[in-house]
Enquirer: 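The structure's right below; bear with me while I get my questions together.
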Amino acid sequence: MINNELKSLNLDCWDSLIKDTIHLKRQVCCKIPNLDIIIKDIKKIAKSGNFTKDNIKDKHYANAVLNLWAIDEEFSRLVPVKEDLLEKIIRCNDNFISLLMLYTLIDIYFFQYDFLQSEASFLIKQIIKELDRRVKKNTNSGLEAKHKHKTLLFDNNFATHEKVVYLAIKNNVSLSTQLSKYDLFQADTGRFYEKSRNYYYIKRLEMMDISECKPILDEVIKDSIYLKDYENGQCVGHKMIHLLLLKLEKHVFNIKQYQFAINFILNIAGDPRINQSALSYQHWWLVLGNEDIAKMKKCLSGFDLELFLEIYGEFAEKENVYGQVRMFKDRQKFLQGMMLQNLIHETKLFIGKSMVEYLRKRYDIKTLPTYYTIKDNHAMAVIYMRYNDYLFTEGCFNCKFRGYSKIIQDSPFYAKRKEYTYRDLGEGYFEKHSSMERYDKVHNGDWQTSIINYISKLLSKSLQSKPFYDGFRR
């Protein structure tokens, strides 16, 4: 259903009707003698910033201005639709709105839509007045559908696109099907169509379960719709990222299952853990705000943790050394317990070069969160885990679990380097800051309880409740 709706957004089935509309527009233009000269003159005055109703010299100038309003965004910005200009245009046409002029006025409304701002009321008044007249006279103008739905379509508050999308979703039909009820097609809707399409994507995504979102996300990426303006200084992409993070925060524990959603966010906005002066951070994450940044960091932490455990499990099986698989399962359970109990706010993953090769074979490396290389120990992975200002570290095989009472700014967690030695990540870091309190625990005996007690004391809160404790025990 979703795929069919997305395909139908192109409105291909309405080609013949679109051609009829274009033909009508061409008739208007063909009736204007010396059209190129007139348009050149009008645009020259418009660029000077001095265009007034006095520059509409006759009927030909009047109709040229109308057509520029209906097709030319730059001209429409330079010369906004205003009541005095419209009045002069109608007077130049003997105070008569022909069928072709009415089509053009309707085109102007849907082409400019919310850009019309306060000047829309006079334009709407003329459109509705002429629709009423023609339908009353039964002129068979082809505008019956627009007349029937005139209150919905011609709205001074520019909420038409929201109402149309609401009806499409309520009626369980595609956007194009709903638009066709009003004889609206992509060729003659301009700004209105763009707003309707963007709003349609947002509302559909808002209503979907995260598992159903991939077709819409693929479409938004393919057609670069995420870059389109949405509202309040945000793009469609900002709104979609916000909605996805609301859905993903419920699945942090198995985030890799929804890698397509993480990939969508990373492809658009990048990793928020990068330098805050980066252009992608400034354009996307700074606008989204701290709450969404924290949610994305949590999602990426879940992804990092799953990658760390995948790598560790793969190499434990490969090593086939007695005790390594058992050690992996114990640590897997414990780290998953930390994530479930919200003891991990942000992570940083360090991977040996052999493990990097493993990831390259399994994944498109561009779709993975940012990771860092251990250059002198090829079969090693270490994960740094931040909780507030505290730092916990865990690694593969014979690594110890370590806890630090604070994170120093020059620590590997905050450093900008891409490569580290294994010593940089453990003893080397502590030797530089030997006065800092550190906790080490080898993974033997009842190490889980020891670490739980350490974290409880460090955070000054009890972690010994049964659900928490059971979640950590194998």
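Residue numbers start at 1 and run along the sequence shown. Any value given below was found using the heavy atoms of this structure, including those in side chains, with hydrogens, waters and symmetry copies removed.
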Enquirer: Heavy atoms only: give me the nearest Asp155-Tyr109 pair and the separation to one decimal.
Expert: N-OH, 3.0 Å
Enquirer: Enter the distance from Leu349:CG to Tyr384:OH here, rounded to the nearest 0.5 Å.
Expert: 12.0 Å
Enquirer: Name each donor-acceptor pair under 3.5 Å that joins a side chain in residues 232-245 to protein atoms two or more places apart or in another chain, with its distance.
Expert:
from, atom 1, to, atom 2, distance (Å)
His238, ND1, Cys235, N, 2.9
His238, NE2, His283, O, 2.9
His242, ND1, Asp292, OD1, 3.2
His242, ND1, Asp292, OD2, 3.0

Enquirer: Ring centroids only, cut at 6.0 angstrom: are Phe350 and Tyr420 within range, meaning strictly under it?
Expert: yes
Enquirer: Would you call Asp36 and Lys40 a salt bridge, taking side-chain N to carboxylate O under 4.0 Å as the test?
Expert: no
Enquirer: For residues 299-310, which residue pairs qualify under salt bridge (charged side-chain N to carboxylate O under 4.0 Å, His left out), counting only residues two or more places apart or in two chains?
Expert: Lys256-Glu310, Arg273-Asp304, Glu310-Arg362
Enquirer: Fit a plane to each ring of Trp69 and Phe75, take the angle between them on a 0 to 90° scale, and name the class: parallel (under 30°), tilted (30 to 60°) or perpendicular (over 60°).
Expert: tilted
Enquirer: If you round to the nearest 0.5 Å, how far is CD of Glu219 from CZ of Arg204?
Expert: 12.5 Å
Enquirer: Run through Val164, Val165, Asn171 and flag the one making a side-chain contact (heavy atoms from CB on, under 4.5 Å) with Leu167.
Expert: Asn171
Enquirer: Output yes when Lys295 and Glu291 qualify as a salt bridge under the 4.0 Å nitrogen-oxygen rule, no when they do not.
Expert: yes
Enquirer: Could you state the interatomic distance from CD (Gln126) to NZ (Lys129), rounded to the nearest 0.5 Å?
Expert: 5.5 Å
Enquirer: Aromatic rings Tyr113 and His161: how do their planes relate, parallel, tilted or perpendicular, breaks at 30° and 60°?
Expert: perpendicular
Enquirer: Looking just at side-chain N and O atoms, do Thr373 and Glu419 make a donor-acceptor pair shorter than 3.5 Å?
Expert: no
Enquirer: Roughly how far apart are Ser76 OG and Glu74 CD, rounded to 0.5 Å?
Expert: 10.0 Å
Enquirer: Can you name the side chain to side chain contact (heavy atoms under 4.5 Å, CB included) partners of Thr151, sequence neighbours left out?
Expert: none
Enquirer: Taking only residues two or more places apart in sequence or in another chain, which ones pass side chain to side chain donor-acceptor pair (under 3.5 Å) with Gln259?
Expert: Thr367
Enquirer: State the CD-SG distance between Glu206 and Cys213, to the nearest 0.5 angstrom.
Expert: 11.5 Å
Enquirer: When you look at Asp229 and Lys195, which way does the salt bridge (Lys or Arg N to Asp or Glu O under 4.0 Å) test go after all the steps?
Expert: CA-CA 9 Å; Asp229 291 336; Lys195 291 208 69 159; over 6 Å; no
Enquirer: Once ring-ring contact (aromatic ring centres under 6.0 Å, His included) is applied, what residue pairs with a partner in residues 165-184 remain, sequence neighbours excluded?
Expert: His149-Tyr182
Enquirer: Per the side-chain contact (heavy atoms from CB on, under 4.5 Å) rule, which among Val79, Asp72, Leu78 passes with Lys43?
Expert: Asp72
Enquirer: For Tyr201 versus Ile225, what's the shortest heavy-atom pair and its separation?
Expert: CE1-CD1, 3.3 Å
Enquirer: Assess whether a salt bridge exists between Lys146 and Asp183, defined as any Lys/Arg side-chain N lying under 4.0 Å from an Asp/Glu carboxylate O.
Expert: no
Enquirer: Rounded at 0.5 Å granularity, tell me how far CD in Gln257 sits from CG in Leu248.
Expert: 11.0 Å
Enquirer: Is the shortest side-chain N to carboxylate O distance from Glu357 to Lys353 below 4.0 Å?
Expert: no
Enquirer: Given the rule in the ring-ring contact (aromatic ring centres under 6.0 Å, His included) test, do Tyr404 and Tyr390 qualify, once you have shown the distances and angles that lead to the verdict?
Expert: CA-CA 6 Å; Tyr404 299 89; Tyr390 304 112; over 10 Å; no
Enquirer: Mind listing the closest non-hydrogen atom pair of Thr52 and Leu85 along with its distance?
Expert: C-CD2, 3.7 Å
Enquirer: For Pro369 and Leu307, work out which heavy atoms get closest and say how close.
Expert: CD-CD1, 4.3 Å
Enquirer: Have Thr177 and Ser174 got a donor and an acceptor in their side chains that come within less than 3.5 Å?
Expert: yes
Enquirer: Is the distance between the ring centroids of Phe110 and Phe154 under 6.0 Å?
Expert: yes
Enquirer: Could you name each residue pair satisfying salt bridge (charged side-chain N to carboxylate O under 4.0 Å, His left out) that touches residues 77-99, not counting sequence neighbours?
Expert: none
Enquirer: Can Lys137 and Asp132 be counted as an ion pair, charged N to O under 4.0 angstrom?
Expert: no
Enquirer: Looking only at the side chains, is there a donor atom on one of Thr421 and Asp376 sitting less than 3.5 Å from an acceptor on the other?
Expert: no
